[in-house]
Amino acid sequence: MKKAILYVLFITIISCTMKEELQVSKNEAFVPYTPPVAYDTAIERGDAIVAKMTIDEKIDMIGGHNFFFVHEVESAGLPRLYLSDATQGVHLRKDLDDQLERSVAMPCPIMLTSTWNRQLAHDFARSIGEECRAGEIAVLLGPGMNHYRLAQNGRNFEYFGEDPYLAARLIENYIRGVQSTGTIATLKHFIANNTDYRRRTSNSIVSERALHELYLPAFKAGVDAGAMAVMTAYNQLNGEWCGQSKYAITDLLRKELGFKWLVMSDWWSVWDPEKAIKSGLDLDMPGEGVEGWPMFDQFGDSFLRSNAKRLLDEGKVAESDIDRMVRNIIATELAMELDQRPVKDESFLAKFEQHEQIALQTAREGIVLLKNENKLLPLNNPELKILATGRIMTLRMSGGGSADVEGYNWVTMLDALKARFGEQLSYVEAPTEEQIEAADVVLCATGTFDSEGWDKPFDLPEEENDRIQNILLSNNKVVMLVNSGSGINMSPWNDQAAAIIYSWYPGQNGNQALAEIIAGDFSPSGKLPITIEKDFKDSPGHPYIPEDEILYTGWDIDSDMSLPVYDIHYNEGVFTGYRWYEARDIEPHYHFGHGLSYTSFEYDQLKLSTPELKKGEKLKIHFTLENTGETEGAEIVQLYIHDHKASVERPEKELKNFIKVHLKPGEKRLVELEIDESQLSFYDEDEHQWKAEAGKFDVLIGSASNNILLEKTFTLK
């Protein structure tokens, strides 16, 4: 009661000092997903079902069937379950019968992360879950959530950026969104799968502290949010493949993070069936091989279904191990009431138009304006002659591999620009010098085609950079439009470009949002969830490719298990992303959290609820935010913490809260954020636990990691 009275008094004092009553913007408390059937009940019922199964029936359950299915349990009323990818929409496999005819191609998850919008993450994921239900898909093989450590990682587009706190907050809302529809979400890939270069033969050597501070938080948030499935990674973690690692699955995931439900392997990633059965894994996917794949030439038959009986007869595994695996699979299904209702619900087909609108809104909020010299943008003058150029303007730009979503009603960049600008705009794929010079503004598109299975170069091809530079030499009003799933090397032309827009892979209708922002129909509000370096050699993970090897494309090397395992030493420890660049005093092209707007915002009157925070209490942080421009817009406010002195080396600053605030011109709001002791902690490797040390800390409020606008110091007692 005393604390409540003091807080009311604190708010009253703030309000009195502002001379006007302001609307308050604050984050709503997160409520995790709870399955319809409680864990204890599901486990009890699962044990009863397993007790009635023969050993052959149980063994049949621990491996996938027909590549994408979990076996049915007819006696328990549990149907065969279909599993499908992925994080940015429903991947349709044309070789399967009775598939959905179409699914919405959503923007890529790194673009969703650029929105910094918790509620939008929920709505985005709910849309995907509803399409799963419409297509009889019981398990979504997503969200993908591996940490952005290397700009060259081919799967960065599927993930949620470089900051563990930002990723965690969006992941928890994603999980709740998917599972609110009755679809099981799968956290993947556990853990430290931060490159797709020879992913099956890479060994991530990571310290205990780095694991806990960078690579586990998003998974922990997903587990705490109620995720019902986890998929292990292809890579080794400190010398053992994740799919058969007792340390990864039992010690980290089950014991430390408290995950209780279904753990499956990624496809063809288990090589020692005895280790896998004892590791805590439940389901070996896909459970069978493909003739002619080189990976099976070395390891032979390593599948759990075909080896379990032999291992039982040899006494190397116990029937109780098999029982535990089957029980976890069945309990997960029972908890989601898959024995009580059909997976398929065609009523969700009526929501596809709504899903398209959520996809469009995600693109509107996720597009990042990196540069805008002399306020060249927006292009709202109807007299301007606009030249559009670049081959990718006419292409469907999206990431490849299992995450690819075919979509429908695709709007190319050129389609969207023509629809918005009409006769103002002309398109020439390879314009002459005269055509470039004659334009008032040039929209120059470039990008990369990222994919699962291999990493992509940080540098654009030399001929592409030459093309861009030739355009920049002929016109000083060039807007670069970038489609990519991660950072690229913009050094050859960054300084010469008048404006740069990052539109990632925006989904089937996201280019409409791009055209709207270029025209000024909406003010951009996206902020980078990554740091974009000037040179890949500046990054914390360089070098990582084995000596005398080069980047590749295609699937042959990815599946070649005869190649030697190579070590990736995470020598940077907890210093990745902006933490690395600040600690090493390396200036990137664009900082984490950066993103421009067509309006301006003023931060003022920072106040803390107390100068001395006691352990177990919360620190309330208040300040005013005002739209001082003439355009409606949204600002993403970022709260970082700086530790004055610690017993270990800590980053200069760490993101610990954020909020997206929409303001009309001239509107001012009181923004409320809070932190607690846990957000001041670091992981102590000697004590194997999180520790918050007493001392001074700074609250840093800003619009980007390099643009801190308000600052106050407090003491943790």
Side-chain angles (χ1 to χ4, degrees), residues 46-47 50-51 53-65 67 70-71 188-193 199-205 229-256 259-290 293-332 559-565:
D47 280 334
V50 172
M53 296 173 70
T54 67
I55 187 62
D56 290 335
E57 288 173 331
K58 289 186 284 191
I59 289 173
D60 217 21
M61 284 289 295
I62 65 174
H65 287 259
F67 297 100
V70 178
H71 203 279
K188 68 179 188 183
H189 311 87
F190 196 80
I191 189 172
N193 183 188
R199 55 187 173 169
R200 285 183 171 88
T201 50
S202 66
N203 176 28
S204 298
I205 301 176
V230 172
M231 180 193 294
T232 57
Y234 282 117
N235 57 286
Q236 292 186 2
L237 172 66
N238 296 329
E240 182 61 84
W241 275 291
C242 291
Q244 58 193 45
S245 168
K246 185 176 183 295
Y247 172 69
I249 301 172
T250 293
D251 296 346
L252 284 180
L253 179 61
R254 292 204 183 276
K255 291 183 179 178
E256 191 165 335
F259 184 72
K260 300 175 180 179
W261 304 103
L262 166 64
V263 179
M264 71 181 78
S265 73
D266 206 340
W267 272 234
W268 302 292
S269 64
V270 169
W271 311 111
D272 186 322
E274 180 184 349
K275 281 185 176 181
I277 289 171
K278 292 179 177 179
S279 69
L281 187 75
D282 301 316
L283 180 62
D284 171 27
M285 292 301 296
E288 52 204 36
V290 175
W293 275 34
M295 68 174 76
F296 304 119
D297 295 340
Q298 179 182 354
F299 284 90
D301 178 2
S302 58
F303 301 105
L304 303 197
R305 273 212 323 266
S306 53
N307 282 279
K309 196 69 175 290
R310 172 184 62 80
L311 292 170
L312 283 168
D313 292 341
E314 294 173 357
K316 293 181 178 179
V317 301
E319 187 168 354
S320 59
D321 295 321
I322 308 297
D323 289 348
R324 183 261 310 160
M325 299 171 75
V326 178
R327 181 199 66 190
N328 287 346
I329 297 170
I330 291 175
T332 302
S559 62
D560 189 352
M561 295 301 296
S562 68
L563 293 168
V565 173

Look at the side chain of [X] and the backbone N and O of [Y], then say whether any donor-acceptor pair between them is shorter than 3.5 Å.
| X | Y | result |
| --- | --- | --- |
| Thr332 | Trp261 | no |
| Asn307 | Phe303 | yes |
| Lys260 | Asn328 | no |
| Arg305 | Gly64 | yes |
| Tyr234 | Cys242 | no |
| His65 | Asp60 | yes |
| Glu256 | Leu253 | no |

For the student: nearest non-hydrogen atoms of [X] and [Y], plus distance:
| X | Y | answer |
| --- | --- | --- |
| Thr250 | Ser279 | OG1-O, 2.6 Å |
| Thr232 | Gly243 | OG1-CA, 3.4 Å |
| Trp271 | Ser302 | O-CB, 3.7 Å |
| Ala308 | Val317 | O-CG2, 4.4 Å |
| Val270 | Ser265 | CG2-CB, 3.8 Å |
| Val565 | Trp241 | CG2-CZ2, 4.2 Å |

- Message: Please determine whether a side-chain nitrogen of the Lys or Arg among Arg327 and Asp282 lies less than 4.0 Å from a carboxylate oxygen of the Asp or Glu.
- Response: no

- Do the charged groups of Asp560 and Arg200 touch, with an N to O distance under 4.0 Å? no

- Message: Assess the residue pair Asn193 and Arg199 against the criterion (side chain to side chain contact (heavy atoms under 4.5 Å, CB included)); give the C-alpha distance rounded to whole Å, side-chain angles, the decisive distance to 0.1 Å, and a yes or no.
- Response: CA-CA 7 Å; Asn193 183 188; Arg199 55 187 173 169; 4.3 Å; yes

- Query: How about Ser306 and Asp301: does a side-chain donor come under 3.5 Å of a side-chain acceptor?
  - Reply: yes

- Query: Can you list the residues that meet the salt bridge (Lys or Arg N to Asp or Glu O under 4.0 Å) rule with Asp323, with sequence neighbours excluded?
  - Reply: Lys58

- Item | Residue pair Met325, Leu304: steps toward the side chain to side chain contact (heavy atoms under 4.5 Å, CB included) verdict | CA-CA 11 Å; Met325 299 171 75; Leu304 303 197; 3.7 Å; yes

Could you state the interatomic distance from [atom1] ([X]) to [atom2] ([Y]), rounded to the nearest 0.5 Å?
| X | Y | atom1 | atom2 | answer |
| --- | --- | --- | --- | --- |
| Leu262 | Leu283 | CG | CG | 6.0 Å |
| Lys278 | Gln244 | NZ | CD | 12.5 Å |
| Leu311 | Asp321 | CG | CG | 10.0 Å |
| Ser245 | Asn238 | OG | CG | 8.5 Å |
| Ser269 | Leu281 | OG | CG | 8.0 Å |
| His71 | Ile329 | NE2 | CD1 | 11.5 Å |

- Derivation of the side chain to side chain contact (heavy atoms under 4.5 Å, CB included) call for Glu240 and Lys275: CA-CA 10 Å; Glu240 182 61 84; Lys275 281 185 176 181; 2.7 Å; yes

- Does the ring of Phe259 carry Arg254 above it, NZ/CZ under 6.0 angstrom from centre and within 45° of its axis? no

